[in-house]
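A quick write-up on the structure given underneath.
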Amino acid sequence: MTQERINEQSDEQLLISVIEGDHSAFKILFYKYYKPLVHYALIRIHSLETSRDLVQELFYRVWLNRKNLDAGKSIKAYLYKSLTNQIINQVNLSSSRARGLDDMEEGKQLSKVNEIEFKLDFKTALERLPEKIKSVYILSRLEGYKYAEIAEICSISVKAVEKRMSRAFTLLKKTFEKNY
C-alpha cells in the first residue's frame with residue numbers, strides 16, 4: 001500500500017467507510033496507524049512481539065465493533081486510547097512488573113518482609129481506586145505521561161487530570177496512614 005493511497009482519504013472518511021463495512025477502507029486505516037501504534041506500545045511495554053499482538057488485537061476489535069464506532073469522534077484518539085487501555089491491562093496482568101512503587105517508598109527503609117507487605121498493600125489500594133482515577137494515576141506514575149498527554153488520551157481537561165490525581169493521592173494516603 002503506497003503512502004499516497006493511505007493519505008488520500010481523511011480519517012473521517014475512512015471511519016465512515018469502516019463503519020459501513022468497507023474492507024479496503026479498513027485496510028487503509030490499518031496501514032496508516034499500525035506502525036505508529038506499535039511504536040507507541042513498544043515505548044511503554046518494551047516488547048516488540050507483545051506490542052504487535054496488542055495492535056493487531058486492537059484492529060481486530062475495531063473491525064468486530066465497527067457498528068458501535070462514533071463517526072463524529074476522532075478515530076486516531078480512539079485507537080490510541082484503546083491501545084493505552086490494553087497496555088494498562090497488560091501491565092496489570094504482569095504483576096512481576098511492579099514499577100512505580102519507588103515513588104511511594106522514597107525515604108523509607110523497610111525490611112524485606114515489610115517491603116513485600118507494602119507492595120501488596122499498595123497494589124490492593126490501587127485496585128480499589130475508582131476506574132477513572134486509577135487509569136489516570138497509572139498513566140502518570142507508572143507510565144510516565146505528563147498531565148497534558150493524559151488529558152488527550154482520556155479525552156478530558158488537564159484540570160480534570162489534576163483533580164483525579166489529587167483524589168488518588170488522598171485515597172492512597174488514607175489507606176497508608178492507617179497501616180504505616
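Just so we're clear, the structure is a prediction, and the values are computed from it rather than from any experiment.
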hydrophobic_cluster_shared for F26 and I16, side chain cutoff 4.5 Å: no
If two hydrophobic side chains count as joined below 4.5 Å and joins carry through other members, does I43 share a cluster with Y40? no
Looking at S166 and E162, would you say the former's side chain and the latter's main chain have a donor-acceptor pair under 3.5 Å?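 Pair absent, no side-chain N/O of S166 close to backbone of E162.
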Can a donor-acceptor pair be found, under 3.5 Å and without considering hydrogens, that links the side chain of N65 to the backbone of N68? no
Hey, is K134 close enough to E131 for a salt bridge, meaning N to O under 4.0 Å?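 Looking at E131 together with K134, the answer is yes, because their closest N to O distance falls below 4.0 Å.
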Test side-chain contact (heavy atoms from CB on, under 4.5 Å) on V55 and L79 and set out the steps. CA-CA 9 Å; V55 173; L79 291 171; over 6 Å; no
Quick check: closest heavy atoms across S24 and D22, and the distance to 0.1 Å? OG-OD1, 2.7 Å
If every non-hydrogen atom of R66 is compared with every non-hydrogen atom of G21, which pair is closest and at what distance?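 So the two residues come closest at NE-CA, 3.6 Å.
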Check step by step if side-chain contact (heavy atoms from CB on, under 4.5 Å) holds for R61 and S82. CA-CA 10 Å; R61 288 182 183 179; S82 297; over 6 Å; no
Can you label the angle between the W63 ring and the H23 ring as parallel, tilted or perpendicular, going by 30° and 60°?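 Plane angle between 30° and 60°, so tilted.
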Should we count CD of E149 as having more than 12 external heavy atoms under 6.0 Å? yes
Surrounding CD of E49 (heavy atoms of other residues, nucleotides or ligands, distance under 6.0 Å), is the total greater than 12? no
Using the rule given for side-chain contact (heavy atoms from CB on, under 4.5 Å), can you reason through L48 versus V38, listing the C-alpha separation, both sets of side-chain angles and the distance that settles it, and then say yes or no? CA-CA 8 Å; L48 182 59; V38 169; 3.8 Å; yes
Would you say the side chain of I156 lies within less than 4.5 Å of the side chain of R164, judging by non-hydrogen atoms? yes
So I45 and L54, side-chain contact (heavy atoms from CB on, under 4.5 Å) or not? Walk me through it. CA-CA 11 Å; I45 57 176; L54 288 174; 3.6 Å; yes
If only side-chain N and O atoms count, and only distance matters, is there a donor-acceptor pair under 3.5 Å linking Y78 with D11?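 Looking only at side-chain atoms, Y78 and D11 do not form any donor-acceptor pair under 3.5 Å.
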